[in-house]
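Remarks on the structure that follows.
What you are looking at is a predicted structure, and each value in this text was computed from that prediction instead of being measured. The sequence lines fix the lettering, A, B, ..., with proteins before strands; numbering per chain opens at 1.
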2 protein chains.
Amino acid sequence: MATPLEKARKDPESMKARILHIARRFFGEYGYHGTTTRMIAKEAGIDSSTLHYHWGDKKDLYEAVIVDINKDLGQKLIAVEKRIHGLPLDQRMAIAIDAMTDYLFKFPEVSNLVLFHYFSKTRDALDLRVPEFTADIARSMGLTRDRKTTSPRAKIEVLAVMNAIHNFISGEKFFRPIVNLNRKDYISIVKETLKFVLIGSFVEREKKQKSS
Amino acid sequence: MATPLEKARKDPESMKARILHIARRFFGEYGYHGTTTRMIAKEAGIDSSTLHYHWGDKKDLYEAVIVDINKDLGQKLIAVEKRIHGLPLDQRMAIAIDAMTDYLFKFPEVSNLVLFHYFSKTRDALDLRVPEFTADIARSMGLTRDRKTTSPRAKIEVLAVMNAIHNFISGEKFFRPIVNLNRKDYISIVKETLKFVLIGSFVEREKKQKSS
DNA sequence: TTACTTTTCCATCAAACGATGGAATCAATG
DNA sequence: CATTGATTCCATCGTTTGATGGAAAAGTAA
């Protein structure tokens, strides 16, 4: 029952996990085609055939990476959901944005890989079913009227918020020189701006809805 | 004085322009490493050596593509700026979001390439200086107090807005199945949502600033 | 036509890439 | 110790990729 990925996640010291971790970073930075198995193997200090021994083909390793980061992301989202449950909307959003931003700045490959997966195609036909969080987040943020279905509008709103966060993490190397700030200041100004831009409209709408 | 790119931009019927146009699409969809010169040549119905004859190395072609889309983008931004000049902030933002969204949905490679350029590295050492629009947009939107300098905060705000737009264009193939809408409805709901999310906070802040 | 230039294709190269078979090494168990 | 299984490396294969030289074709001007 234990898949290779589960094994690797349980024992972070294993070579399997070591390779997976490095693969996350490289695939995140250079994308699927921009990353070679030799790059990963060299960084891990092993031969590329050892990599193949543990994870099979490049495609298989990439799929494992995608599944891996989606598990991490899902766990983090659940943890955040618990923290904000029951609070008023503005606090819910502020805390969620802070927490997710901190987390993603710590593991930027997650944002990198999510965005790569959104925005680019791959020549190799790899079909990976990725868990879909938009509906859950929409529910957690109280954007769904109906308990069961989530409207397209609500999902689009969630995507707008999530992507806004991912962008500043993945785009750091490009954006930070533009604003000319050190990493610490960049992170703090990003968090401020995200909260400023993203929260206002939602809170305002909620006010109007309650008053009517 | 006429660079190859300028030539190609002036005569859209030429083989040079034809290759450039196809290269835009492929580099936008598959990224730099995900695109092969053979793919582009095949799509253009020519031999890859003909491609090389016109544009030189792959790196050179890619650079030409980046410069090309940045010129297009710059021209579009200037055109939009003229339309919104003098209007109140909420209208300025609404019109700009509408216009840019329409434009980018028509030429999605532009968003694709911009985001690729933001979020991913390339193995080949290609250093392209890309024109930087954030300061101009910030000025055009009235986010700069000082005439000459643009604060980091203002630039980050501009990036947040621009990226929000790019995301929904580049992410269409991924997001549209999630919301399960046809293209027309997707575009319209994206525009609505962008205006809803992005405009509110800025207008609200301006109100407060004026009243104080 | 002829002479010359521009453009295109064909054949091919060297390097990089993903992948594999098999020998060598290490670890665990009796 | 010997045996077995798991792990790692080395050598190498077949393809793909970017790139080039040179012939063929198309276009231009006298």
Side-chain angles (χ1 to χ4, degrees), chain A residues 2-8 10-24 26-27 29-66 120-126 128, chain B residues 2-8 10-24 26-27 29-66 120-126 128:
Chain A
T3 67
L5 179 59
E6 282 163 5
K7 252 183 170 176
K10 277 181 189 167
D11 180 8
E13 300 296 317
S14 68
M15 178 57 73
K16 252 191 163 54
R18 181 179 164 71
I19 295 170
L20 189 71
H21 184 251
I22 292 170
R24 274 170 61 139
F26 274 96
F27 282 128
E29 288 183 9
Y30 296 92
Y32 179 73
H33 291 294
T35 303
T36 69
T37 54
R38 280 175 169 85
M39 284 167 64
I40 300 171
K42 190 179 178 186
E43 179 78 8
I46 58 172
D47 188 89
S48 76
S49 55
T50 303
L51 186 153
H52 189 268
Y53 168 79
H54 284 288
W55 288 106
D57 293 355
K58 182 185 184 182
K59 207 190 296 189
D60 301 328
L61 174 58
Y62 183 73
E63 289 194 10
V65 165
I66 297 296
S120 68
K121 289 185 186 171
T122 301
R123 261 147 46 205
D124 301 23
L126 35 92
L128 355 136
Chain B
T3 65
L5 180 59
E6 282 162 6
K7 253 183 169 175
K10 276 180 191 167
D11 180 7
E13 301 296 318
S14 67
M15 179 55 74
K16 254 191 163 51
R18 181 180 165 69
I19 295 169
L20 189 70
H21 183 250
I22 293 171
R24 273 170 62 139
F26 274 96
F27 281 130
E29 290 184 7
Y30 296 93
Y32 179 73
H33 291 293
T35 303
T36 68
T37 54
R38 279 175 170 84
M39 285 166 64
I40 300 171
K42 191 179 178 186
E43 179 78 7
I46 58 172
D47 189 90
S48 75
S49 54
T50 304
L51 186 153
H52 189 267
Y53 168 78
H54 284 288
W55 288 107
D57 294 354
K58 180 185 183 184
K59 208 191 292 188
D60 301 327
L61 174 59
Y62 183 73
E63 290 193 9
V65 164
I66 297 297
S120 69
K121 289 185 186 169
T122 303
R123 261 147 44 207
D124 301 21
L126 34 93
L128 354 139

Using a 3.5 Å distance criterion without hydrogens, assess whether the side chain of T50(A) forms a donor-acceptor pair with backbone atoms of I46(A).
no
Whether T50(A) contacts dT7(D) is assessed here as follows: a side-chain N or O lying under 4.0 Å from the phosphate OP1 or OP2. Is that the case?
no
Among pairs that include at least one residue of residues 34-44 of chain A, which meet salt bridge (Lys or Arg N to Asp or Glu O under 4.0 Å), considering only residues two or more places apart or in two chains?
R25(A)-E43(A)
Using atom NZ of K16(A) as one end and atom P of dT8(D) as the other, report the distance to the nearest whole Å.
10 Å
Between dA26(D) atom C1' and I46(B) atom CD1, what is the distance in whole Å?
16 Å
In whole angstroms, the gap separating P of dA27(C) from CE of M15(A) amounts to 12 Å
Would you check if the side chain of D47(B) reaches a backbone N or O of S49(B) as a donor-acceptor pair within less than 3.5 Å?
yes
Taking the side chain from K16(B) and the backbone from H54(B), do they hold a donor-acceptor pair closer than 3.5 Å?
yes
Could you run down nucleotides 14-21 of chain C 5' to 3' and tag each one B, S or - for protein heavy-atom contact under 4.0 Å?
---BBSBB
What integer distance in Å separates L126(B):CG from dG18(D):C1'?
14 Å
Rounded distance in Å - CD1 (I40(B)) to P (dT17(D)):
12 Å
In whole Å, I'd like the distance from the CZ atom of F27(B) to the P atom of dT17(D).
13 Å
If I take atom CZ in residue R18(A) and atom P in nucleotide dT8(D), what distance separates them, rounded to the nearest angstrom?
11 Å
Could you state the OH-C1' distance from Y53(B) to dA26(D), rounded to the nearest angstrom?
12 Å
Under 3.5 Å, side chain of T37(A) to main-chain N/O of S48(A), donor-acceptor pair present?
no
Can the positive tip of K58(B) be found less than 6.0 Å from the middle of the six-membered ring of Y32(B), inside 45° of the ring normal?
yes
